[in-house]
Amino acid sequence: MQFKVGIGYDIHRLIAGRPLFLGAVEIPYIKGLLGHSDGDALIHAVCDALLGALALGDIGEHFPDTDPQYQGIASSKLLVKVKGLVDKSGYQINNLDVVIITQEPKLVPFKQQMKENIASLLGIAQEVVNIKAKTNEGLDAVGNREAIACYAAASLVKGTPR
Ligand code: MG
């Protein structure tokens, strides 16, 4: 079986006066993620995991933050573009696993919607997408509520989707 694996990581600062988007879900909170786009660190990590598996560089090369066309863009649109690259490769997404690290807010009520959004944007079954959330135990910038970090891992297989 022909098999590819990629990892992705992203971190964005939390600042007042911005909406908080994670996994294309708007989450009620006193702060949001700073970014050239909507700051959706979860989607950015997923994009990088998929680009990594395809050996196609990183999200910054594909969607430079110096390019005005990406100013304020919904990250879901970037993910759909990356999905196009996956489709072109002849590989299919076998599974996708995500870790969100944030001290606040609690994400349990939103994880299912994130999973549905990511599966829907990528045209894959929800059963192959997993979203995990944890705190940073109060340590460092993430633990101090100054940032949210995300990791993602993706595996791709050649052939038909599950
Ligand atoms: Mg980012």
Side-chain angles (χ1 to χ4, degrees), residues 4-87 89 93 95-107 110-124 129-136 139-156:
K4 294 173 182 286
V5 172
I7 63 167
Y9 168 76
D10 199 21
I11 186 166
H12 281 247
R13 278 180 196 273
L14 273 170
I15 61 155
R18 294 261 304 181
L20 174 58
F21 288 101
L22 283 171
V25 180
E26 186 169 355
I27 296 164
Y29 188 51
I30 50 170
K31 295 192 268 189
L33 294 174
L34 180 63
H36 185 70
S37 65
D38 61 10
D40 194 324
L42 189 160
I43 288 186
H44 298 173
V46 169
C47 286
D48 265 354
L50 294 171
L51 291 170
L54 296 171
L56 286 177
D58 62 41
I59 191 171
E61 293 169 36
H62 289 265
F63 315 110
D65 64 7
T66 49
D67 188 334
Q69 70 170 303
Y70 301 121
Q71 177 73 48
I73 195 172
S75 296
S76 53
K77 292 188 179 158
L78 307 181
L79 186 59
V80 169
K81 286 175 190 273
V82 171
K83 178 200 169 358
L85 297 173
V86 175
D87 292 345
S89 75
I93 297 166
N95 84 302
L96 187 60
D97 190 20
V98 176
V99 184
I100 310 161
I101 312 168
T102 183
Q103 203 63 32
E104 284 179 354
K106 287 282 173 238
L107 297 179
F110 307 104
K111 281 162 54 179
Q112 178 59 32
Q113 188 62 55
M114 293 176 191
K115 182 173 168 154
E116 287 176 28
N117 291 353
I118 298 298
S120 158
L121 289 164
L122 290 171
I124 56 177
V129 178
N130 190 61
I131 308 281
K132 306 191 293 295
K134 54 198 291 121
T135 74
N136 214 35
L139 296 164
D140 301 332
V142 170
N144 202 29
R145 303 163 181 84
E146 293 167 38
I148 292 178
C150 292
Y151 291 90
S155 69
L156 308 183

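The figures here come from the full heavy-atom set of this structure, side chains too, leaving out hydrogens, waters and symmetry mates. All residue numbers refer to positions in the sequence shown, counting from 1. Every number for a ligand or one of its atoms is a count from 1 in the order of the listing.
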The Mg ion (ligand 1) - closest N/O/S atom in [X]:
X: H44; result: ND1
X: D10; result: OD2
X: H12; result: NE2

Discussion item. Parallel, tilted or perpendicular: which one describes the rings of F63 and Y70, with boundaries at 30° and 60°?
Written reply: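 It falls in the perpendicular class, over 60°.
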Discussion item. Side chain to side chain donor-acceptor pair (under 3.5 Å) for H36 and D65? Distances and angles first, verdict last.
Written reply: CA-CA 6 Å; H36 185 70; D65 64 7; 6.0 Å; no
Discussion item. Restricting to non-hydrogen atoms, name the atom on G23 and the atom on L42 that form the minimum distance, rounded to 0.1 Å.
Written reply: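 Nearest heavy atoms, G23 then L42: N-CB, 3.7 Å.
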Discussion item. Can you tell me if K132 has over 12 outside heavy atoms packed within less than 6.0 Å of its NZ?
Written reply: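 Yes, because the 6.0 Å sphere around NZ of K132 holds more than 12 heavy atoms from other groups.
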